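Everything quoted here is computed from the prediction, not taken from an experiment.
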Amino acid sequence: MTLTLSDIQAAHDRIKHYIIETPVLRLYNLEEILGCEVYVKLENMQHTKAFKLRGVMNTLLQLTDEELNRGVVTSSSGNHGHAVAYAANMLGIKATVAVPNTAPPFKLQKIKDYGAEIIPTTVEERFKLQDSLVKEHGYTLIPPFNDYRIMAGQGTVGLEILNQLPDVDRIFVPASGGGLVAGIAAAVKESSKNVIVHGVEPGNLPKFATSLKNNKITQVENKGTIADGLVSIVPGEKNFPLVQKYVDSFYTVSDEAMKKGQKLLLMEAKILAEISSSIAVGGILNGEIDVNPEDKVCFVITGGNLGFDQLEYIKDTEI
């Protein structure tokens, strides 16, 4: 199996009544600062305040009644678990989420609010735990990224960007395990060869940059990052070949740059975005990513699930 444009188009038809077609906005007041035409795809305005619901709904809506009745399980640092809990609650089925210790309390509470069972784990052990829960209880696994149905659902973001901003030049996509960047890149490149798609990941966790350099999937050392939504230490085995095929380049960005990006979005654009969503904006602001004045650049704002405690660390950040 692989991922095709028709898979992504079918996913969009399947989930369109369960999601919001989030807006693309031009942020004129950031253009002089960032040095390009600035557009944002606001997935922080999605149901569950993050893009993850797209892939989750596309997957759940293809399960059999037997699979649904067994209950579902996943591992997540927050937004994917939130989406699984939300969708399971809507469909009246049981959900269990293995949550790494990097997940912020605000996101944990969102998962609990929809009635999912939470089992604590670590970034390194989370996938082993979810697999053991499948074997022990017979749950149906809803992977956070390493699944073609998930990628097809996330790829609908790319279809919408092309529809809303047909003359876009470059799209920057935050990357963890690779579900979103692979899905968007497949949708975009199979529709328009002229659009450049960039993946962006934390400098402390350069799993895609390292894997692409090595031409094979490579697990990197977990040095930690402030970006709680981008904590994967190895690309998904199904995601990586699609990234190799479709993504034009990968950038790594420092935690300090992400802070600057989050503060710029909040104070100048009035957009409340997670630190993970701010990675590409911060990279440009901090001189770690280059753009051109004539570029129409779309930044995927992946989520907006954060508490006041997660703004404290940008209070003294200079932009």
Side-chain angles (χ1 to χ4, degrees), residues 1-4 55 75-77 80 100 102 121-131 141 143-152 154-155 158 170-190 193 195-258 275-280 282-284 286-291 299-300 302:
M1 289 183 64
T2 187
L3 181 66
T4 67
S75 64
S76 170
S77 59
H80 177 70
T102 54
T121 185
T122 65
V123 171
E124 294 81 1
E125 296 296 320
R126 61 177 178 157
F127 297 123
K128 293 180 183 177
L129 176 57
Q130 72 173 15
D131 292 343
L141 177 62
F145 51 81
N146 193 34
D147 186 280
Y148 296 116
R149 297 164 300 180
I150 292 289
M151 284 187 276
Q154 319 305 32
R170 301 168 71 178
I171 301 173
F172 284 91
V173 187
S176 187
L180 180 65
V181 70
I184 288 178
V188 169
K189 291 297 188 176
E190 290 295 331
K193 303 296 184 183
V195 182
I196 296 171
V197 179
H198 303 286
V200 195
E201 62 187 352
N204 281 353
L205 300 172
K207 61 271 176 189
F208 275 104
T210 303
S211 298
L212 290 167
K213 180 181 179 181
N214 294 341
N215 201 32
K216 64 179 183 179
I217 294 174
T218 306
Q219 180 173 309
V220 296
E221 179 185 353
N222 186 7
K223 295 182 179 179
T225 176
I226 197 169
D228 63 272
L230 305 177
V231 297
S232 293
I233 58 175
V234 62
E237 61 182 22
K238 295 175 182 175
N239 310 101
F240 183 64
L242 291 164
V243 168
Q244 283 183 303
K245 181 178 180 180
Y246 291 118
V247 178
D248 292 281
S249 66
F250 248 87
Y251 290 96
T252 57
V253 170
S254 66
D255 277 16
E256 187 59 32
M258 285 185 253
I275 193 81
S276 304
S277 303
S278 313
I279 186 168
I284 294 171
N286 210 40
E288 299 173 21
I289 298 174
D290 294 325
V291 290
F299 300 91
V300 180
T302 49

Is any side-chain heavy atom of [X] closer than 4.5 Å to a side-chain heavy atom of [Y]?
{"X": "T4", "Y": "E190", "value": "no"}
{"X": "P202", "Y": "M258", "value": "yes"}
{"X": "E201", "Y": "L205", "value": "no"}
{"X": "S277", "Y": "T302", "value": "yes"}

*If a pair satisfies side chain to side chain donor-acceptor pair (under 3.5 Å) and one of its residues is in residues 172-189, list it, with sequence neighbours excluded.*
S176-S232, K189-D248

*Taking side-chain hydrogen bond (donor to acceptor under 3.5 Å, both in side chains) as the test, write out the residues that go with T121, two or more places apart.*
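Partners of T121 by the side-chain hydrogen bond (donor to acceptor under 3.5 Å, both in side chains) criterion come out as none, since no residue qualifies.
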
*Taking side-chain hydrogen bond (donor to acceptor under 3.5 Å, both in side chains) as the test, write out the residues that go with N286, two or more places apart.*
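Checked N286 against side-chain hydrogen bond (donor to acceptor under 3.5 Å, both in side chains); matches are K260, E288.
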
_Stepwise side chain to side chain contact (heavy atoms under 4.5 Å, CB included) check, L141 with D131_ = CA-CA 8 Å; L141 177 62; D131 292 343; 4.1 Å; yes

To the nearest 0.5 Å, what is the distance between [atom1] on [X] and [atom2] on [Y]?
{"X": "T252", "Y": "K207", "atom1": "OG1", "atom2": "NZ", "value": "10.5 Å"}
{"X": "I233", "Y": "Q219", "atom1": "CD1", "atom2": "CD", "value": "4.0 Å"}
{"X": "M151", "Y": "R149", "atom1": "CE", "atom2": "CZ", "value": "10.5 Å"}
{"X": "I226", "Y": "N204", "atom1": "CD1", "atom2": "CG", "value": "10.5 Å"}
{"X": "F299", "Y": "S278", "atom1": "CZ", "atom2": "OG", "value": "11.0 Å"}

_Set of ring pair (Phe, Tyr, Trp, His ring centres under 6.0 Å) partners for F250, sequence neighbours left out_ =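 F250: ring pair (Phe, Tyr, Trp, His ring centres under 6.0 Å) contacts with F208.
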
Ignoring hydrogens, what is the shortest heavy-atom contact between [X] and [Y]? Give both atom names and the distance.
{"X": "L230", "Y": "T225", "answer": "O-CG2, 4.1 Å"}
{"X": "A182", "Y": "L3", "answer": "O-CD2, 4.4 Å"}
{"X": "V197", "Y": "A185", "answer": "CG1-CB, 4.0 Å"}
{"X": "H80", "Y": "S75", "answer": "CD2-O, 3.9 Å"}
{"X": "S249", "Y": "H198", "answer": "OG-ND1, 2.7 Å"}
{"X": "G283", "Y": "A257", "answer": "N-CB, 4.2 Å"}

_For Y251, run the side chain to side chain contact (heavy atoms under 4.5 Å, CB included) check against I284, I279, D290, I289 and tell me which one passes._
I289

Enumerate donor-acceptor pairs with a distance under 3.5 Å from any side-chain N or O in residues 237-245 to protein atoms, sequence neighbours excluded.
unit_1: N239; atom_1: ND2; unit_2: F145; atom_2: O; d: 2.9
unit_1: Q244; atom_1: NE2; unit_2: N215; atom_2: OD1; d: 3.0

*S211 side chain to I217 main-chain N or O, any donor-acceptor pair under 3.5 Å?*
no

*Where at least one partner belongs to residues 171-187, residue pairs that pass salt bridge (charged side-chain N to carboxylate O under 4.0 Å, His left out), sequence neighbours excluded*: none

*Between V291 and F172, is a side chain to side chain contact (heavy atoms under 4.5 Å, CB included) present by the stated rule, with each step listed?*
CA-CA 11 Å; V291 290; F172 284 91; 4.2 Å; yes

